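One structure is given here, and the rest of the page talks about it.
Just so you know, ligand 1 is whichever comes first in the structure, and atom 1 is the first atom listed for that ligand. Nothing here was measured: the structure is a model prediction, and the numbers come from that model.
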Amino acid sequence: MCSTSQTSKVAYCFKGTFVHSTNCSPMEILRDHIMGVSSNGKIEFFEHARNQAGLERKWRFNRSDIRELDNHEFCMPGMVDTHIHASQYSFSGTALDLPLLDWLDKYTFPTESKYKEQELAKNIYSKVVRRTLKNGTTTACYFATIYKDSSLLLAEIAHNYGQRAFVGKVSMDINNHVTNYKETTDGSIAETERFIRELLERKYCRVKPIVTPRFAVSCSEKLLQELGELAEIYGTHIQSHISEADGEMKRVKALFPNYKNYADVYDKNKLLTDKTVMAHGCYLSDEELELFRERGAAISHCPSSNLSLCSGHLDVRKVLEHRVKIGLGTDVAGGYSPSMLDTIRRAMDTSKVLFIQHELGQKIDGSSLHSPHINQPTMPTSQTLLIQKEKYAAITYKEAFRLATLGGSQALNIDDVTGNFQVGKEFDAVLVSPTVPDGPFEVFADDTFEDIVQKFLFLGDDRNIKEVYVAGKQVVPLPNAA
Ligand code: GUN
Ligand code: ZN
């Protein structure tokens, strides 16, 4: 049940180094700061430690309420996974040898069809919630399966472990010839409405339903229309996939010939709102991106999945230039890793690939732009420099960090509650310990704090994630295995 406590007594404080993003800065490293967290999980103050005496008087806390971080330790915001299939966790790290539509038929639908079985669902859903929390994911936007009851179970498990989550019962009524994993149109609408109502009735404070048409390939026009209505009636969030892969795009064109483009299919059915997050978007046109911006809809960038299924690349720089909200998603199991740190790395890799392509394209004459035969970057000459237009900038590690935290919260429209350490938001945080025994990287005497943060982002893993907090409540270390 959701606690409605209005008290603002400071329950505990952290003192030391904090790393977070703001709209103005992709990464701020704030040394020697003190943060107070209230008993209702909110950040009450966040100031330089030189103000400690005044804060102690104002907030009436004792020195014993202050947790002092070690020399290299820091707190960063919890990471936001804006797109993850909880039901695919069992085969993550395998089965990445087919393009999207074949992959769905061969591996995904047969796996998801097993979730009618509650015991199986309980086992795997508990494991994915535990694994993601351990890796610092404080908010997850989950796809479950078409089964209402086991989807409710996922919501209950996330709630019990204290993870902030959106949970979607998947809706799909057409185009699955391989298994019995399909709904009737009316059945899908009715079950989705029941799912929303039953989950809302549970009044979980931080776990909410999200309307989840699988993607336009799997949904009839009537189903899309009715799901758009349900999202409007219940004021829910919406998630789906868009413009991920070539085969999918061709199918959508054939299925929906009267729509202007892929984004229009969702938009005309009221599925593109400021509470929508669409995964992938690799092939969205400028016009579609403009529509996203106008509607306030967001993109979940899933670089690991895009590489693993050879789907394509999303140009994050272009999305940012269009001022479309964007976060990162693991897209387990299309993406093989449930770790958002891994996703941060894949996002940077993808952006660098696009940078290389851009550089090559700029340095050759127009007729051979993007020629596959040109595989050696040439040193710029006065002639090639003349051809060079604007410089393309790959996203930096700081920008990738922002996408994984503040960007994700903006994409899910919860940035008034979480995403960074702004006073008034809930304390969703990861306590990072860069120098754990037997850890995944070394810290050397001449490393700056910025170096240490960078090393954690490139080389760190859950061994460095000492503690995790959601709305002020400690959720990692996890309770013992069930
Ligand atoms: N498009 C429709 N369903 C899926 C899915 O399960 N994973 C991915 N990556 N794309 C999809
Ligand atoms: Zn997906």
Determine, for R293 against E290, whether the closest basic-nitrogen to carboxylate-oxygen distance falls under 4.0 angstrom. yes
Angle between ring planes, H241 versus F215, binned at 30° and 60°: parallel, tilted or perpendicular? perpendicular
Could you tell me which atoms of ligand 1, counted from 1 in the order shown, lie closer than 4.0 angstrom to a heavy atom of L100? 8 (C), 10 (N), 11 (C)
Salt-bridge criterion met for E288 and K260 (N-O under 4.0 Å): no
Tightest non-hydrogen contact, residues Y283 and S311, listed as OH-O, 2.5 Å
Non-hydrogen atoms of E248 versus ligand 1: any pair closer than 4.0 Å? no
What is the OD1(D331)-the Zn ion (ligand 2)-NE2(H85) angle, to the nearest 10 degrees? 90°
Under 4.0 Å from one or more heavy atoms of E244, ligand 1 contributes atoms 1 (N), 8 (C), 9 (N), 10 (N), 11 (C)
Could a heavy atom of W103 be found less than 4.0 Å from some atom of ligand 1? yes
Please say whether R214 places an N or O atom under 3.5 Å from an N or O atom belonging to ligand 1. yes
With a 4.0 Å cut-off on N to O distance, would you call K250 and D246 a salt bridge? yes
Could you tell me whether D428 and R164 have a side-chain N and a carboxylate O separated by less than 4.0 Å? yes
Check each atom of ligand 1 against the heavy atoms of F215 and keep those under 4.0 Å away; list them by number with element. 1 (N), 2 (C)
State the atoms of ligand 1, each with its element, that fall below the 4.0 Å cut-off from a heavy-atom position in H280. 9 (N)
Note: F109, heavy atoms under 4.0 Å from ligand 1, region reported as neither
Are any of the N/O atoms in Q88 less than 3.5 Å from those in ligand 1? yes
Is any N, O or S atom of H83 under 2.8 Å away from the Zn ion (ligand 2)? yes
Ring center gap for Y115 and Y125 short of 6.0 angstrom: yes
Close-contact set for ligand 1 against D331 heavy atoms, below 4.0 Å: 8 (C), 9 (N)
If I take atom CD1 from residue I299 and atom OG1 from residue T276, how far apart are they, to the nearest 0.5 angstrom? 12.0 Å
